[in-house]
Amino acid sequence: MLGEPSLELIGYVILAIILLYIILPMAWLFITAFAPTGGPYLRIPESVTLENFAIVFGLAKLKYGAAAMSLHMDKWIVNSLIIAIVTTVVTVILVSMAGYALSRLKFRGKSLLMTALLVLGMMPTTAKLLPLYKLCISFGFINNLIGVAIVIASGLLPTQIWIMKGFFDYIPRDLEEQAWIFGCSKLETLFKVVLPCAGPGITVVAFLSFLAGWGNFTVPLILIRTETLYPISLGIATTFIHHPGEVGLAVPYGPLCALSLIYVIPSMCLYFISRKYLMAIKLGRLEV
Amino acid sequence: MSGVDITLKEASKYFGNVKAIDNLTLRIKSGELLVLLGPSGCGKTTTLRLIAGLERLTKGYIYIGDELVDDSDRTFVPPRFRKVSMVFQSYALFPHMRVFDNIAFPARVAKQSENEIKKRVYELAEMFDIRGLLDRKPAQLSAGQQQRVALARALMIEPKILLLDEPLANLDAKLRVSARIMIRKTQRKFGCTTIYVTHDQAEAMAIADRIAVMKDGQIQQIGTPEELYNRPLNTFIADFIGSPAMNLIDCTVDKTAGVFDFGPFKVNIPHSILEALEKYEEVIFGIRPEHLNVSRKPSTVNSLEFEVVTVEKHGDRYILILDKEGIQLTAVISPDVEVNMGDRIWIDFDFKRVHIYDKKTGSLII
């Protein structure tokens with residue numbers, strides 16, 4: 001009689017299957033990005049090339065299939081960067097100020113405001129889309145990357161304000177009072193004491209809003225009409241939309257995979273850079 | 001360098017319906033170390049915060065020197081213009097700054113030259129024995145080190161007023177003794193007017209020029225440690241100052257017989273104090289444990305026999321709990337006498353050391 005497989009072994013098998021499920025698409029992306037030819041199949045290529053990346057950055061021309069179609073992948077990367085950075089800057093500035101005010105000030109209707117923020121934060125952006133669209137037209141946000149960033153930021157603010165308020169709540173009031181006694185004005189106290197202490201919180205907010213701006217699809221889909229102003233998310237999607245029903249070589253799989261790889265890089269980098277800060281958070285409690 | 005007077009005049013601070021400070025008048029003399037002593041919630045920290053400018057008065061006035069800094073109306077000088085320094089109970093060290101930058105902080109805010117700042121930080125670091133810690137972050141310091149850094153920082157700009165809010169509360173017993181000696185020495189050296197908040201009466205007695213005992217937002221008594229110890233003005237202070245606490249026993253004045261009636265026993269009232277007790281019937285009889293005369297045999301006709309319930313042998317002194325038919329007394333004696341539980345001993349009251357309080361108001365009669 002065979003011995004029963006140990007529980008541990010079963011665990012590993014299950015883990016391996018899950019791993020395969022996660023890894024395979026990534027592997028396909030990686031292999032196709034560096035292969036001379038690629039398609040909706042997984043095949044080990046005979047040689048490795050950087051040509052796909054050259055195409056992405058506009059340094060080489062697409063040789064096959066949709067060669068006639070102009071791709072603006074280099075521009076898409078820049079556009080995505082602009083959206084992400086502006087989203088981050090807008091969010092961090094507004095969220096720090098609002099979070100600090102909500103954490104420190106007492107005013108009438110504060111709890112109502114906090115609840116309203118929470119509810120707003122839980123509402124999907126698409127639900128607010130129609131009025132938002134009208135508003136964007138009057139603000140001139142159509143075909144405007146800054147406008148896209150501001151709309152994305154507006155969707156992020158409510159939840160981020162909650163997060164930031166939590167961080168400020170954990171900064172002891174003593175620190176501020178001590179700074180006042182030593183001669184700081186309220187503004188000096190904010191910049192010299194409170195914000196540096198809120199460093200981990202601000203890192204979290206910046207991290208989340210950068211990724212939200214970088215990865216957002218819905219807002220540019222509605223506000224951006226010109227292909228040269230597409231961010232990566234919209235670009236990748238429309239490349240498929242441009243070739244309805246076509247399969248195989250009509251879709252430029254190689255450059256798209258290269259672009260997708262590039263698309264992942266900022267998230268990875270940001271994670272590794274801010275990992276130290278993120279680890280220092282320790283449930284938001286500031287070590288004094 | 002020297003300090004400056006601080007005056008609180010009819011000062012009140014209410015938080016909603018709670019009277020944190022109630023009609024308090026207090027004058028702190030230039031260069032003195034005044035301890036605000038009281039149980040938690042008595043308003044001592046609020047008083048400190050009012051002087052620092054972290055709270056505004058509801059009523060009354062605060063003067064620093066001759067300058068009106070808060071009149072509970074139009075005039076309010078914010079903390080940063082009051083030239084006060086404060087050490088919080090939490091020490092409030094800035095966690096993102098090195099020790100050096102923490103100490104230098106007040107001077108940098110005041111825009112002093114970086115050379116001068118460096119010189120002074122090293123000077124203070126030397127004085128407080130933290131020279132080796134200047135590159136560390138506050139989180140890497142022990143409580144005692146943090147406390148010294150906080151004090152060094154508070155003295156960086158040579159303040160005229162130094163406010164200390166329970167500065168020793170986070171230290172262990174041994175460190176506390178050395179830290180309070182250091183604070184006392186530093187205060188003498190800098191000569192700044194110092195207000196020191198604590199709930200520990202032993203700490204207050206050890207460090208203070210004068211002590212203001214507070215309760216329910218009011219000052220119960222203000223005076224030197226000796227004055228508070230020798231002549232506590234009411235039963236609250238009598239009970240609060242001194243360890244072990246003063247014996248306070250209810251009794252009635254029997255004027256016709258001329259005795260204090262404790263129930264199980266009576267004590268003759270000396271003629272010298274009989275007149276003062278004329279108007280009173282129910283009183284509280286107070287005597288400090290260390291002022292009881294304890295002997296093996298009755299020394300006078302007034303001696304009372306008590307049973308020893310417990311003996312705490314502290315080495316330098318014995319603390320006895322005595323009982324006579326339900327009336328309990330604490331006594332402190334020198335360890336020369338051998339006393340054991342269950343022994344019977346004799347007690348005498350030295351009426352020069354006895355305090356009689358009115359039972360209704362708790363205030364001192366004689």
Side-chain angles (χ1 to χ4, degrees), chain A residues 92 96 99-100 103-108 110-111 164 166-206 273-288, chain B residues 15-16 45 48-55 77-98 101-112 137-141 143 146 149-151 153-166 170:
Chain A
V92 165
S96 320
Y100 183 56
S103 167
R104 290 298 192 257
L105 298 180
K106 282 180 198 151
F107 52 88
R108 206 175 293 178
K110 180 175 160 180
S111 62
M164 207 58 222
F167 276 100
F168 282 124
D169 284 346
Y170 271 114
I171 298 174
R173 282 207 81 125
D174 287 2
L175 293 182
E176 284 162 74
E177 291 177 344
Q178 184 78 79
W180 297 344
I181 285 173
F182 286 146
C184 286
S185 66
K186 297 219 167 171
L187 208 65
E188 277 178 297
T189 307
L190 182 64
F191 283 106
K192 285 186 178 154
V193 175
V194 179
L195 289 182
C197 287
I202 293 173
T203 312
V204 169
V205 168
I273 292 166
S274 55
R275 190 169 56 163
K276 209 183 98 196
Y277 274 107
L278 289 173
M279 293 303 157
I281 291 166
K282 292 185 179 143
L283 294 170
R285 185 179 288 278
L286 190 75
E287 268 188 274
V288 181
Chain B
F15 294 107
T45 297
L48 206 66
R49 293 172 59 83
L50 282 165
I51 293 167
L54 297 172
E55 306 282 354
V77 179
R80 63 192 169 117
F81 300 123
R82 290 198 184 187
K83 301 254 168 2
V84 298
S85 228
M86 184 162 170
V87 175
F88 287 78
Q89 186 174 352
S90 64
Y91 308 139
L93 297 177
F94 303 124
H96 57 291
M97 293 182 195
R98 294 177 309 143
D101 300 316
N102 259 292
I103 299 175
F105 186 85
R108 285 195 177 138
V109 175
K111 306 242 174 0
Q112 292 179 8
K137 289 276 180 74
Q140 296 166 291
L141 304 180
Q146 288 186 10
V149 172
L151 201 60
R153 183 178 63 175
L155 293 167
M156 184 68 191
I157 40 165
E158 311 204 345
K160 290 207 180 303
I161 297 169
L162 180 62
L163 307 173
L164 305 168
D165 187 3
E166 306 246 5
N170 299 339

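Residue numbering restarts at 1 for every chain, and letters A, B, ... go by the order of the sequence lines.
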Tell me whether the guanidinium CZ or amine NZ of B:Arg153 lies under 6.0 angstrom from the six-membered ring centre of B:Phe94 and within 45° of its axis. yes

Do you know which of B:Gly53, B:Ser85, B:Ala52 has the most heavy-atom pairs with chain A at a distance under 4.5 angstrom?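 Counting heavy-atom pairs under 4.5 Å, the top option is B:Ser85.
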
Largest heavy-atom contact set with chain A, pairs under 4.5 Å, which of B:Phe81, B:Tyr91, B:Phe105: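 It is B:Phe105.
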
Can you see which heavy atom on B:Arg82 is nearest to which on B:Ile51, and at what distance?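 What the structure gives for the nearest pair is NH1-O, 3.0 Å.
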
Return the minimal non-hydrogen interatomic distance between A:Arg173 and A:Arg104, and the atom names on each side.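 Between these two residues, the closest heavy atoms are NH1-O, 3.7 Å.
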
Engaged part of B:Met156 at the chain A interface, taking heavy atoms whose separation is under 4.5 Å: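 Neither; nothing under 4.5 Å.
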
For B:Gln89, does its backbone N or O pair with a side-chain atom of B:Asp165 as donor and acceptor, under 3.5 Å? no

